[in-house]
Amino acid sequence: MSLFFRRKKQSDAVTVPQHIAIIMDGNGRWAKRRGLPRTAGHSAGASTFKTIARYCNKIGVKYLTVYAFSTENWKRPKAEVDGIMNILRDYLLDTDSFKGENIRLHFIGDTSVLSDELKDLIAKSEQDSADATGLWVNIALNYGGRDEILHAVRAIARDACDGKVNIDSLTEQDISDAMFTAGMPDPDLIIRPGGEHRISNYLIWQSAYAEYWFTDRLWPDFKTDDIDAAIESYSHRDRRFGNAK
């Protein structure tokens with residue numbers, strides 16, 4: 001029995017975040033340590049993602065946002081990029097495995113540069129899961145926090161030029177509404193496996209008051225117990241949002 005369910009059974013206080021975001025880091029290093037190609041690490045990481053998504057749905061998380069491929073990842077060797085896109089393609093072809101689990105899939109980022117096949121598969125996976133009322137999974141693909149803010153600024157500027165927006169009355173909510181995550185709550189907890197302690201251009205606007213949890217465990221080795229440990233840590237934090245208490 002997981003730590004989460006043991007604590008719940010004992011009536012201990014467990015605060016499940018409404019929105020968890022994860023930087024899925026360490027796939028390449030996981031493969032290197034085993035003498036495998038980096039694509040083997042990405043494949044193992046994709047399997048971990050499925051396990052963690054199902055678990056988050058089970059324990060009542062409402063939103064899960066995962067960093068799958070950044071705008072900077074195009075700088076990696078072409079063979080690795082192609083391998084990641086093939087893994088994504090295989091995953092999208094297998095999204096039927098989520099049917100019946102009440103999980104909704106949504107992609108954030110600039111997907112316009114992807115192949116027509118991937119764009120079609122993304123559209124189909126979003127459409128097929130649109131009626132799900134359980135966990136909402138955002139997959140950040142060709143995503144960068146600065147790129148997202150630039151995208152939002154351009155959209156607002158176009159509306160201002162068309163007379164739809166009064167710049168002097170612009171609010172933070174207006175900017176949030178122009179983000180890829182419009183209509184969703186900001187992440188409560190951001191988890192980064194892999195031993196690094198940086199945000200890597202991830203959800204810059206949305207993470208203003210997010211809690212962070214870091215672990216040295218590489219993403220393919222990440223387990224449901226690690227989610228429990230992150231939630232346990234989160235449950236003991238005092239989120240003041242800038243207010244004195």
Side-chain angles (χ1 to χ4, degrees), residues 1-5 8 14-25 27 42-70 84-111 114 117-143 148 179-193 202-203 206-207 210 213 219-231 234:
M1 184 183 294
S2 73
L3 179 149
F4 174 83
F5 287 108
K8 195 166 186 180
V14 177
T15 303
V16 178
Q18 182 177 206
H19 186 170
I20 293 177
I22 302 177
I23 300 173
M24 302 186 296
D25 192 25
N27 293 338
H42 294 304
S43 181
S47 178
T48 296
F49 158 68
K50 292 180 182 179
T51 298
I52 296 303
R54 289 185 169 105
Y55 185 66
C56 285
N57 189 40
K58 185 177 182 180
I59 64 176
V61 176
K62 299 301 182 185
Y63 295 86
L64 174 66
T65 302
V66 296
Y67 209 178
F69 191 86
S70 76
I84 292 172
M85 293 302 160
N86 285 334
I87 291 168
L88 173 62
R89 173 183 173 277
D90 291 343
Y91 166 74
L92 290 170
L93 288 170
D94 189 43
T95 51
D96 282 350
S97 63
F98 273 145
K99 283 187 175 179
E101 297 185 57
N102 204 25
I103 293 176
R104 181 172 182 174
L105 294 176
H106 180 67
F107 287 77
I108 62 173
D110 181 10
T111 59
L114 302 178
E117 180 186 23
L118 281 178
K119 285 186 285 189
D120 288 344
L121 287 171
I122 286 171
K124 183 177 186 302
S125 69
E126 290 182 332
Q127 182 178 355
D128 288 350
S129 63
D131 293 333
T133 58
L135 178 68
W136 181 310
V137 176
N138 295 312
I139 299 178
L141 183 62
N142 193 29
Y143 173 90
E148 180 181 28
M179 294 288 173
F180 294 134
T181 54
M184 305 176 199
D186 290 338
D188 303 295
L189 174 64
I190 297 180
I191 297 171
R192 178 156 195 168
Y202 188 48
L203 300 174
Q206 299 89 335
S207 64
W213 189 81
W219 176 246
D221 291 328
F222 199 85
K223 308 296 183 187
T224 57
D225 283 349
D226 295 305
I227 288 288
D228 290 339
I231 292 176
Y234 172 84

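All values below come from the heavy atoms of this structure, side chains included, with hydrogens, waters and symmetry mates left out.
- No side-chain heavy atom of L88 sits under 4.5 Å from any side-chain heavy atom of F69.
- The shortest non-hydrogen separation linking A53 to L135 is O-CD2, 3.2 Å.
- For the pair T48 (side chain) and P220 (backbone), a donor-acceptor distance under 3.5 Å is present.
- Counting only distance, with no hydrogens or angles, the side chain of N142 and the backbone of D110 share a donor-acceptor pair below 3.5 Å.
- With values rounded to the nearest 0.5 angstrom, K124 atom NZ is found 11.0 Å from L105 atom CG.
- At a threshold of 4.5 Å between non-hydrogen side-chain atoms, the residues I190 and Y67 do not count as touching.
- Side-chain contact between Q206 and E148: present, with at least one pair of heavy atoms (C-beta onward) separated by less than 4.5 Å.
- Remark: the backbone N or O of E101 is paired with a side-chain donor or acceptor of N57 at under 3.5 angstrom.
- The main-chain N or O of K223 is found under 3.5 Å from a side-chain atom of D226 such that the two form a donor-acceptor pair.
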Verify side-chain contact (heavy atoms from CB on, under 4.5 Å) between I59 and T224, making sure each step is shown before the conclusion. CA-CA 11 Å; I59 64 176; T224 57; over 6 Å; no
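- Shown here are the side-chain contact (heavy atoms from CB on, under 4.5 Å) partners of S43, two or more places apart in sequence or in another chain: I87.
- D186 and S207 share no donor-acceptor pair across their side chains, judged by distance under 3.5 Å alone.
- Partners of A230 by side-chain contact (heavy atoms from CB on, under 4.5 Å), not counting sequence neighbours, listed by chain and number: L189, I191, W213.
- For the pair N102 (side chain) and T133 (backbone), a donor-acceptor distance under 3.5 Å is present.
- The two atoms that bring I20 and V61 nearest to each other are CD1-CG2, 3.9 Å, heavy atoms only.
- Taking every heavy atom of both residues into account, L203 and P187 meet most closely at CD1-CG, 4.1 Å.
- Here I52 contributes atom CD1 and I227 contributes atom CD1; the two are 5.0 Å apart, rounded to the nearest 0.5 Å.
- Summarising the geometry, atom CD1 belonging to I103 is positioned 6.5 Å from atom CZ belonging to R54; distances are rounded to the nearest 0.5 Å.
- In terms of heavy atoms, I108 sits closest to T181 at CD1-CG2, 4.1 Å.
- Q18 places no side-chain N or O within 3.5 Å of a backbone atom of D188 that could act as its donor or acceptor partner.
- Atom-to-atom distance recorded for I84:CD1 and H42:NE2 is 3.5 Å, nearest 0.5 angstrom.
- For the atom pair E117 CD and R89 CZ, the distance stands at 4.5 Å (nearest 0.5 Å).
- The shortest side-chain heavy-atom distance between I122 and L114 falls under the 4.5 Å cut-off.
- Closest heavy-atom contact between I139 and Y91: CD1-CE2, 3.8 Å.
- Put simply, the side chain of S125 never gets that close to the backbone of L92: no donor and acceptor are under 3.5 Å apart.
- Two residues are said to be in side-chain contact when any heavy atoms from C-beta on lie closer than 4.5 Å; Y202 and T65 meet this criterion.
- Residues T51 and F222 have side chains not in contact (no heavy-atom distance under 4.5 Å, counting atoms from C-beta outward).
- Closest approach of P193 to W219, counting heavy atoms only: CG-CE3, 3.6 Å.
- No side-chain heavy atom of N138 sits under 4.5 Å from any side-chain heavy atom of Y143.
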